[in-house]
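Take a look at the structure set out below.
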Amino acid sequence: MAKRFRVGCLGLVLVVVVLMVGLATFNSFTDSRLRSLKTALDYLTAEEKAILDTTVWLRQEAGNAVWPGFNSFEAPMVAYNEGYEFLLNSGSLPGWEPVGDEWQGKEYYRRLADDPQAFAVMVGSLWAGSMCTLNTYNVKGVRAARQQLPPLIAQLLPTRLLTIDEAMVTVAVNHEQFHAFQATYNPQRFDAAMESYSYEQQYPYDDKAFREAWDEEGSLLWEAMQTTDDATARELTVQFLETRDARREAAALDDGPLAFECNIEWLEGLAKYVERSFYLVAADTPELSGFSKDSAYLTQELKRLKSGLGGHNGDFRFYLSGMAQATLLDRFSPGWKERALLTDVSLDELLREAVSPQD
């Protein structure tokens with residue numbers, strides 16, 4: 001009996017070792033293929049242009065439904081790789097040189113990349129959405145993840161978990177373009193949101209009760225989004241607001257950290273809402289391929305909202321909590337978007353108004 005047990009254990013160990021070696025070898029092959037991609041070309045490839053075509057098409061076709069006025073937002077766009085930034089939908093500007101190529105029948109421009117960012121950037125006198133190309137995102141993302149993880153985990157973590165596909169980068173471009181939209185139409189609120197990052201160091205991420213309350217808030221938001229019964233969704237939303245109020249009171253949040261929380265839900269939560277909304281539209285559009293309502297992109301983020309939201313340090317929790325509140329506002333307060341964009345009202349204040357009993 002003991003001998004058979006030892007043999008069985010040895011066999012199991014051998015299977016695990018073979019699987020680990022196989023996974024590490026496959027990851028090494030995939031990473032090598034990624035590293036071979038050219039991410040410093042001095043022009044945009046046909047694939048990169050096609051992704052931008054889809055991004056613009058989506059915004060023109062569905063932008064007004066996702067956010068009023070966004071379909072006609074004709075701001076410049078910036079796409080960058082590891083060598084260059086490319087300026088599109090713009091005339092010539094100082095510091096940018098013609099590429100000698102066209103996108104959508106118009107010349108576009110380039111400059112050497114100097115720490116470009118995926119966000120809204122000022123180009124001349126206008127705001128532009130800035131986003132890296134697909135290959136650049138995947139090469140840099142895998143490289144950074146492998147460097148930050150413990151060596152064994154870095155070798156075994158499947159590469160596909162660290163990369164995105166064309167569909168995800170398509171809607172990510174509109175996420176960043178929406179930041180340019182925010183900065184253009186409410187520059188004071190945009191500036192306040194950026195300034196509120198100075199209070200991030202004071203935010204009590206490590207407080208256990210604070211994290212647990214955030215977990216409960218995320219779970220309640222998730223349940224409210226999932227239920228098809230409006231009365232239940234309203235009740236869950238009220239519970240979310242009560243839990244949020246209790247968390248803030250118990251933590252005695254100062255004005256700075258409180259503004260950080262509300263402003264980043266406005267800044268990044270709304271952009272995440274727009275990104276997700278475009279993905280859902282694309283998944284329902286027969287002309288487009290590669291988008292699916294069952295995609296890991298959609299399901300994984302909802303899982304993060306449902307459980308463990310308080311475990312996210314940094315600002316990503318506000319992406320998800322803001323997105324969820326915006327989704328519920330669609331349900332309970334049609335027409336909420338103009339006030340959300342143009343005033344300094346917080347999303348939870350709008351939600352509180354929407355679910356409060358009416359006289």
Side-chain angles (χ1 to χ4, degrees), residues 63-64 66-70 73 75 119-122 125-129 174-205 210 213-214 217-218 221 237-238 240-249 251-277 309 314-356 358:
N64 200 53
V66 170
W67 199 282
F70 196 43
F73 186 55
F119 196 55
V121 297
M122 183 66 78
S125 61
L126 300 175
W127 285 99
N174 272 332
H175 175 124
E176 308 307 345
Q177 201 70 356
F178 186 76
H179 283 318
F181 187 75
Q182 290 172 303
T184 299
Y185 288 102
N186 196 341
Q188 293 81 14
R189 183 73 186 273
F190 183 85
D191 289 344
M194 297 305 296
E195 290 170 5
S196 69
Y197 272 106
S198 64
Y199 294 101
E200 186 172 13
Q201 295 301 317
Q202 301 177 28
Y203 200 73
Y205 288 113
F210 194 82
W214 259 108
E217 287 176 45
L221 286 169
T237 301
V238 170
F240 155 71
L241 292 167
E242 291 173 347
T243 302
R244 169 162 285 203
D245 289 342
R247 169 179 59 79
R248 289 172 172 172
E249 183 177 356
L253 280 186
D254 292 336
D255 289 345
L258 180 59
F260 168 65
E261 181 174 303
C262 295
N263 283 336
I264 305 310
E265 286 187 333
W266 177 85
L267 181 71
E268 293 293 0
L270 291 184
K272 172 58 72 173
Y273 161 84
V274 165
E275 172 191 322
R276 183 179 178 85
S277 297
L309 190 61
D315 60 3
F316 188 70
R317 70 173 67 183
F318 309 120
Y319 284 61
L320 298 183
S321 61
M323 175 275 294
Q325 290 175 74
T327 303
L328 293 173
L329 281 166
D330 275 344
R331 188 172 192 171
F332 296 125
S333 183
W336 64 275
K337 292 174 180 174
E338 182 176 4
R339 281 184 67 200
L341 178 66
L342 299 179
T343 72
D344 61 358
V345 65
S346 68
L347 298 183
D348 53 35
E349 287 174 320
L350 288 172
L351 201 53
R352 194 182 309 277
E353 292 176 14
V355 298
S356 294
Q358 302 297 313

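Scanning for salt bridge (Lys or Arg N to Asp or Glu O under 4.0 Å) contacts around Asp348 gives Arg244, Arg248, with sequence neighbours left out. In terms of the salt bridge (Lys or Arg N to Asp or Glu O under 4.0 Å) criterion, residue partners of Asp245 (sequence neighbours excluded) are, by chain and number, Arg352. Listed by chain and residue number, Phe73, Gln177 satisfy the side chain to side chain contact (heavy atoms under 4.5 Å, CB included) test with Ala75 (two or more places apart in sequence, or in another chain). For Tyr199, there are no side-chain hydrogen bond (donor to acceptor under 3.5 Å, both in side chains) partners two or more places apart in sequence or in a different chain. Scanning for side chain to side chain contact (heavy atoms under 4.5 Å, CB included) contacts around Leu126 gives Pro76, with sequence neighbours left out. Listed by chain and residue number, Tyr273, Trp336 satisfy the side-chain hydrogen bond (donor to acceptor under 3.5 Å, both in side chains) test with Asp330 (two or more places apart in sequence, or in another chain). With sequence neighbours excluded, no residue satisfies side-chain hydrogen bond (donor to acceptor under 3.5 Å, both in side chains) with Trp127. Residues satisfying the side chain to side chain contact (heavy atoms under 4.5 Å, CB included) criterion with Val238, sequence neighbours excluded, are Glu242, Val355. Partners of Arg331 according to the salt bridge (Lys or Arg N to Asp or Glu O under 4.0 Å) rule, which considers only residues two or more places apart in sequence or in another chain, are Asp230. Shown here are the side chain to side chain contact (heavy atoms under 4.5 Å, CB included) partners of Pro187, two or more places apart in sequence or in another chain: there are none. Scanning for side-chain hydrogen bond (donor to acceptor under 3.5 Å, both in side chains) contacts around Gln202 gives an empty result, with sequence neighbours left out.
A donor-acceptor pair is defined here as one N or O able to donate and one able to accept, closer than 3.5 Å; such a pair exists between the side chain of Gln182 and the backbone of Trp266. Formation of a donor-acceptor pair under 3.5 Å by the Glu275 side chain with backbone atoms of Ala271 is not found in this model. With hydrogens and angles disregarded, no donor-acceptor distance shorter than 3.5 Å links the side chain of Lys337 to the backbone of Ala326.
Here the shortest heavy-atom pairing between Asn263 and Ala192 reads ND2-O, 3.6 Å. Of all heavy-atom pairs between Leu350 and Ala340, the closest is CD1-CB, 3.8 Å. Counting all heavy atoms, side chain and backbone alike, Ala128 lies closest to Ala180 at C-CB, 3.7 Å. Shortest non-hydrogen contact noted between Ile264 and Ala193 is CD1-O, 3.7 Å. Annotation for Leu329 and Ala354: closest pair CD2-CB, 4.4 Å, computed over non-hydrogen atoms. For the pair His179 and Leu267, the tightest heavy-atom approach, listed with the atom from each and the gap, is CE1-O, 3.1 Å.
Annotation: the span from Asp255 atom CG to Ser196 atom OG amounts to 12.5 Å, rounded to 0.5 Å. Interatomic distance, Phe316 CZ to Leu309 CG, rounded to the nearest 0.5 Å: 9.0 Å. To the nearest 0.5 Å, the span separating CD on Glu261 from OG on Ser321 amounts to 7.0 Å. Put simply, CG on Asn174 and OG on Ser277 are 11.0 Å apart, with the number rounded to the nearest 0.5 Å.
Ion pairing between Arg317 and Glu217 fails under the 4.0 Å rule for side-chain N and carboxylate O.
Taking the six-membered ring for Trp, Trp214 and Tyr205 have ring centres at least 6.0 Å apart. Aromatic ring centres of Tyr185 and Phe70: separated by at least 6.0 Å. When ring centroids are compared, Phe190 and Phe119 come within the 6.0 Å threshold.
Between Phe210 and Leu253 the shortest side-chain heavy-atom distance falls below 4.5 Å. Between Leu347 and Leu270, some side-chain heavy-atom pair lies under the 4.5 Å cut-off. Contact annotation: the side chain of Phe240 never approaches that of Leu328 to less than 4.5 Å [non-hydrogen atoms, C-beta and beyond]. With a 4.5 Å cut-off on side-chain heavy atoms, Phe181 and Leu341 count as touching. Taking the side chain as every heavy atom from C-beta outward, Glu268 and Met323 never approach each other to under 4.5 Å.
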Item to check | Intermediate values then yes/no, side-chain contact (heavy atoms from CB on, under 4.5 Å), Asn186 and Gln188 | outcome: CA-CA 6 Å; Asn186 196 341; Gln188 293 81 14; 3.8 Å; yes
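Residue pairs meeting the salt bridge (Lys or Arg N to Asp or Glu O under 4.0 Å) criterion with at least one partner in residues 176-203, sequence neighbours excluded, do not occur; the list is empty.
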